[in-house]
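What follows is a set of notes on a single structure, which appears directly below.
Note on naming: letters A, B, ... go to the chains in the order of the sequence lines (proteins, then strands), and numbering restarts at 1 for each one.
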There are 2 protein chains.
Amino acid sequence: MKLSSRTEYGVRAMIELAEAHGGGPVAVREVAEKQGISEKYLEQLFAALRKEGLIASQRGAQGGYTLAKAPGDIRVGDIVRALEGPIALCDCLANGEDDAVCHRMGECAAHPLWVKLQDGITSILDSTTLQDMIAGASGDSANDMGGNSEEESRDEQDLP
Amino acid sequence: MKLSSRTEYGVRAMIELAEAHGGGPVAVREVAEKQGISEKYLEQLFAALRKEGLIASQRGAQGGYTLAKAPGDIRVGDIVRALEGPIALCDCLANGEDDAVCHRMGECAAHPLWVKLQDGITSILDSTTLQDMIAGASGDSANDMGGNSEEESRDEQDLP
DNA sequence: AGTAAATCCTACTGATTCGGTAGGAATTAT
DNA sequence: ATAATTCCTACCGAATCAGTAGGATTTACT
């Protein structure tokens, strides 16, 4: 249960682009420096994000990257999937639907829990957009996975 | 976003013990065979589960493992933590509290989301007990396992 | 008492993933 | 032309993961 640096970096970088949205393209170097990420590594993450159509590139001098859509149209889930592939807690959930085939299917009492967990995760990640994040709140729109997240991260836009 | 085999195996094995709860101890070999897990590997997982007080062992012939508490008192979250350590999506969430110190904290717009995600995951894992899982075993039944109701896992009909 | 069945303990291993580096080709604003 | 930049692909060291190995210890059963 740990985020990969890939995901952490990717999301932070996308936030950076979101904040620059509307202006010109931003170079990898700039994002890497601001966020303290290896430039060459981030380059690779951007390649993946670009392949999935989340960002667009402008080559050559003064070039860089821009969001391919409005910040409100890019969900964190999209970023995670672009960087890590489909969110599938275990192989038997790869399809995401109930026709998924578990090799031990009939016997696996844990299966329903994994489904629930995966749905919960997906639903949180997909209900938060870049816009939500740069607005300073964790966007929790209509979606509360029954969690104890009653703690509405109010006005604490920047963390301690 | 993938469960380790460690977690998958551990939970499945614990379900096995839960189903045998009330009877005598169950040998590692038996669980390993039923669940298709390497015996020697499972042995190590059991060592961790035992260290955390989730299961108890009986050495020697006819020995084996039993749950250390009632199935309704063992949460999936406990199992995950015993096997993988504290659930912390990223280092800055290690404490689980808001005094967590992010090295880039002032600037990290993603932080509130990670907090929310981690809370969501924890809340699902901690609101489901072994009892919940074996109650809804074997497929069907509109699975509402361990809803976040916090109530359900109360009445355990222990075997004699 | 002897033996077989079991936990316990610790070390090793092979494969894979992860985070990062390296170097250079292609493109483009100035 | 040149400098800045994306793009592409290969490689690398360390860590983690899943599993193996071997044996010491404990205990029930006969």
Between Ser4(A) and Glu84(A): side-chain donor-acceptor atoms closer than 3.5 Å: yes
Leu130(B) side chain reached by Glu19(B) side chain, heavy atoms, under 4.5 Å: no
Base dG23(C) paired with Lys40(A) side chain (donor-acceptor, <3.5 Å): yes
Distance test, side-chain N/O of Ser5(B) to OP1/OP2 of dC17(D), below 4.0 Å: no
Shortest side-chain distance from Ser57(B), nucleotide among dG19(C), dT28(C), dT7(C): dT7(C)
Nearest-Å distance for atom pair OH/P, residues Tyr41(A) and dC12(D): 18 Å
Separation of atom CG in Leu42(A) from atom P in dT21(C), rounded to whole Å: 12 Å
Spacing between Leu17(B) atom CG and dT7(C) atom C1', to the nearest angstrom: 14 Å
Earlier contact from the 5' end, DNA chain C, for Tyr9(A) and Gly60(A): Tyr9(A)
Close side-chain approach of Leu67(A) and Ile74(A), heavy atoms under 4.5 Å: yes
Polar side-chain contact Gln62(B)-dC29(D) base: donor and acceptor under 3.5 Å: no
Phosphate OP1/OP2 of dT20(D) contacted by Ser38(B) side-chain N/O (<4.0 Å): yes
Protein-nucleotide distance (Glu39(A), atom CD; dA22(C), atom C1'), rounded to Å: 13 Å
Nucleotide dA4(D), atom C1' - distance to CD of Glu33(A) in whole Å: 14 Å
Arg81(B) bridged to Asp78(B) by N-O distance under 4.0 Å: yes
Rounded distance (Å) that lies between atom C1' of dA29(C) and atom CD of Gln58(A): 9 Å
Positions of residues 44-56 of chain B (non-hydrogen atom under 4.0 Å from DNA chain C), listed by number: Gln44(B), Arg50(B)
Test item: Val76(A) and Thr129(A) side chains (from C-beta on) under 4.5 Å apart, heavy atoms: no
Nearest to side-chain heavy atoms of Val28(B), which nucleotide of dG19(C), dT27(D), dT7(C): dT7(C)
Protein-nucleotide distance (Asp91(A), atom CG; dC17(D), atom P), rounded to Å: 16 Å
Contact check, side chains of Cys90(A) and Trp114(A), non-hydrogen atoms, under 4.5 Å: yes
Interatomic distance, Lys2(A) NZ vs dC17(D) P [rounded to whole Å]: 11 Å
First encountered from the 5' end of DNA chain D, between Arg59(B) and Glu84(B): Glu84(B)
Residue whose closest nucleotide on DNA chain D lies nearer the 5' end, Gly63(A) versus Gly63(B): Gly63(A)
Sugar-phosphate, base or nothing in reach of Glu43(A), heavy atoms under 4.0 Å: base
